[in-house]
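Below is one structure, written out as structure tokens; the observations come after it.
We're numbering straight along the sequence, starting at 1.
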Amino acid sequence: MGGQSRKWMILVATIWIQAFTGTNFDFSSYSSSLKSVLGISQVQLNYLAVASDLGKAFGWSSGLALMYFPLWVVMFMAAFMGLFGYGLQWLVIRNVISLPYFLVFLLCLLAGCSICWFNTVCFVLCIRNFPANRPLAISLTVSFNGVSAALYTLAAKSINPSSDALYLLLNAVIPLITSMAALLPILCQPSLDPLPPDAVRRDSLIFIVLNFLAVLTGLYLLLLSSITSNSSTNRLLFSGAIFLLIVPVCIPGVVYARNWFHHTINSSFRFEGSSFVLVDVDDLELHKEFINRETSTLGDALIINGDESTFPKHSTRERIEGCCETIMEKDQLAMLGEEHPAWVLVHRIDFWLYYVAYFCGGTIGLVYSNNLGQIAQALGYSSSTTELVTIYSSFSFFGRLLSAAPDYIRAKVYFARTWWLAMALVPTPIAFFLLAASSSWTALHAGTALIGLSSGFIFAAAVSITSELFGPNSVGVNHNILISNIPIGSLVYGLLAALVYDANAGSSIGMAMSDSVVCMGRKCYLFTFVWWGCISILGFASSVLLFSRTRPAYDRFERNRISTQLY
């Protein structure tokens, strides 16, 4: 039981790490000041945001470091990368030192890389300590990464609300302090034996409790974002947020009280098959066995490794002809969980539909968050930038939590996960066209919330979808290939926004800040919102095609899963 208690302490430590290491989400809070100090254009500022996102392209280096160093050493290496990257930027923005633009670009790249290293540490901790419920552990901890901007905003308000440069100092120091707080639980990792079925169900109940606490934390931060108060009140509010993050430490007590929970609450929930990642090893083997039986009985030719997989056609279903037939049926997914090496992955139509859906959905939402500072400034709401950042952060947090909801309601309502992906993309074009139609404060609030909710869901659900479509054992490599679209999107979408911004800066009633020009007025981002809205519609269309192509595999898997429960 001591080992069981220690593993929950590790989960709490992982939550702390994720909650304070999503430092790229508060870029908008200090980007205007950084632009002014460096005297750069909007295009050059966009390249700095791209540099932060480009750190994801070097996330593989953390896995290489884990081959030679202990986990806690890798964690502190990430902390010192952030300390160096953000700390020197803070000195630049405070005019203590002067660095050329290229070195600031490299500092942003280093800071972005530190975030990926922290994420790797958290994933490894969840995998090692929660082998039976690791998807639930990963989804919960990843969700807290989305609330980082709200926490940093509250922390900055409690110290000095008028200093934008303070965000960079907090970004540099707080992850290091959090790493020190998480060190003891990580060093005391237990060697856990395989859990019996009743213990797995009990752990699932504890995850529900933790998700409830997570929602409470998100609501607390969201409702406080619009409160204008003095520093002393903000310190009290920030202390309340820290208290909510410490509350899960009581989980070891919940573990010891497991019998009470089991008899009074656990019977009210059905946890069978409730998991964030649909395809686990046992289900996958049963699924493959059923596939083999069906193919041998019906005589269907399933050419999995060839150019085409032929499925039995219902007599009531009309054949799709021409190019539509090619798109819908060529190289169609035969079963869930089939392993795809990288060279096979990039030759599949399903992967590229998935890639476009992510590229035109979650990534475009991330670029929007990077531009929030300039958007608020252009529309005349520069004093409320931190509030907008908090709204995006909080709703991104809720979106990440909602990504696990399909698995909890799976016993009553079931849809393919690619269907949920398509539904998650719906709010994004609505939000952008709303922002293009109106520059009111209400529209800005609503659009930011919708984009945060949509992108947060996509970020958290992506690991599960990649695992299901292209194999759980290959998810590490395949998911890194997928998220290569983030730095590409950051460059393309950000450059589009920057070019429109700079083009309108000369014709608007702008303000000169050093060598840079600030664009003022609705037209600074009007065409950007229209373009982003049209691009997000393309992402939605791609997700619908992906759902149509993968639905037979999902339906077959669900039928086989239900059959195994009946016998």
Any side-chain donor near an acceptor of the partner, [X] and [Y], under 3.5 Å:
{"X": "Ser440", "Y": "Thr442", "value": "no"}
{"X": "Ser32", "Y": "Gln374", "value": "yes"}
{"X": "Thr23", "Y": "Tyr86", "value": "yes"}

Determine whether a donor-acceptor pair (N or O, by modelled atom type, separation under 3.5 Å) exists between the side chain of [X] and the backbone of [Y].
{"X": "Ser148", "Y": "Asn145", "answer": "yes"}
{"X": "Ser28", "Y": "Ser369", "answer": "yes"}
{"X": "Trp117", "Y": "Val74", "answer": "no"}
{"X": "Asn160", "Y": "Ala156", "answer": "no"}
{"X": "Asn504", "Y": "Tyr501", "answer": "no"}
{"X": "Gln44", "Y": "Ser41", "answer": "yes"}
{"X": "Tyr354", "Y": "Ala462", "answer": "yes"}

To the nearest 0.5 angstrom, please state how far the [atom1] atom of [X] sits from the [atom2] atom of [Y].
{"X": "Cys116", "Y": "Asp53", "atom1": "SG", "atom2": "CG", "result": "9.5 Å"}
{"X": "Ser52", "Y": "Ile486", "atom1": "OG", "atom2": "CD1", "result": "11.0 Å"}
{"X": "Lys157", "Y": "Asn234", "atom1": "NZ", "atom2": "CG", "result": "6.5 Å"}
{"X": "Ser403", "Y": "Leu401", "atom1": "OG", "atom2": "CG", "result": "7.5 Å"}
{"X": "Thr141", "Y": "Arg400", "atom1": "OG1", "atom2": "CZ", "result": "10.5 Å"}
{"X": "Gln18", "Y": "Ile115", "atom1": "CD", "atom2": "CD1", "result": "10.5 Å"}

Problem set entry | side chain to side chain donor-acceptor pair (under 3.5 Å) pairs, two or more places apart, involving residues 452-463 | Tyr392-Ser455, Thr428-Ser454
Problem set entry | Where at least one partner belongs to residues 94-105, residue pairs that pass side chain to side chain donor-acceptor pair (under 3.5 Å), sequence neighbours excluded | none
Sequence neighbours excluded and cut-off under 3.5 Å, please list the side-chain donor-acceptor pairs for residues 527-544, or say none.
residue: Ser536; atom: OG; partner: Trp532; partner atom: O; Å: 3.2
residue: Ser536; atom: OG; partner: Gly533; partner atom: O; Å: 2.7
residue: Ser542; atom: OG; partner: Leu353; partner atom: O; Å: 2.6
residue: Ser543; atom: OG; partner: Phe540; partner atom: O; Å: 2.6

Exercise. Excluding sequence neighbours, so at least two apart, what forms salt bridge (charged side-chain N to carboxylate O under 4.0 Å, His left out) with Arg522?
Worked result: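 Not a single residue meets the salt bridge (charged side-chain N to carboxylate O under 4.0 Å, His left out) criterion with Arg522.
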Problem set entry | Partners passing salt bridge (charged side-chain N to carboxylate O under 4.0 Å, His left out) against Asp26 (at least two apart in sequence or in another chain) | none
Let me have the donor-acceptor pairs involving side chains of residues 163-170, under 3.5 Å, with sequence neighbours excluded, atom names and distances please.
residue: Ser163; atom: OG; partner: Leu166; partner atom: N; Å: 3.3
residue: Asp164; atom: OD2; partner: Ser33; partner atom: OG; Å: 3.0

Exercise. For residues 15-43, which residue pairs qualify under ring-ring contact (aromatic ring centres under 6.0 Å, His included), counting only residues two or more places apart or in two chains?
Worked result: Phe27-Tyr30
Exercise. Relative to the ring of Tyr493, is the ring of Phe359 parallel (under 30°), tilted (30 to 60°) or perpendicular (over 60°)?
Worked result: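 The arrangement is tilted - the two ring planes meet at 30° to 60°.
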Problem set entry | Contacts of type ring pair (Phe, Tyr, Trp, His ring centres under 6.0 Å), residue Phe397, not counting sequence neighbours | Phe144
Exercise. Residues in ring pair (Phe, Tyr, Trp, His ring centres under 6.0 Å) with Tyr381, at least two apart?
Worked result: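 If we apply the ring pair (Phe, Tyr, Trp, His ring centres under 6.0 Å) test to Tyr381, skipping adjacent residues, the hits are Trp441.
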Can you name the side chain to side chain donor-acceptor pair (under 3.5 Å) partners of [X], sequence neighbours left out?
{"X": "Thr217", "answer": "none"}
{"X": "Ser179", "answer": "none"}
{"X": "Tyr368", "answer": "Thr448"}

Problem set entry | Centroid-centroid under 6.0 Å between Phe351 and Tyr355 rings |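 Yes - the distance between ring centres of Phe351 and Tyr355 falls below the 6.0 Å cut-off.
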Exercise. Should Leu45 and Leu38 be marked as a side-chain contact (heavy atoms from CB on, under 4.5 Å) after you check the CA-CA gap, both sets of side-chain angles, and the distance that decides it?
Worked result: CA-CA 9 Å; Leu45 181 66; Leu38 294 176; over 6 Å; no
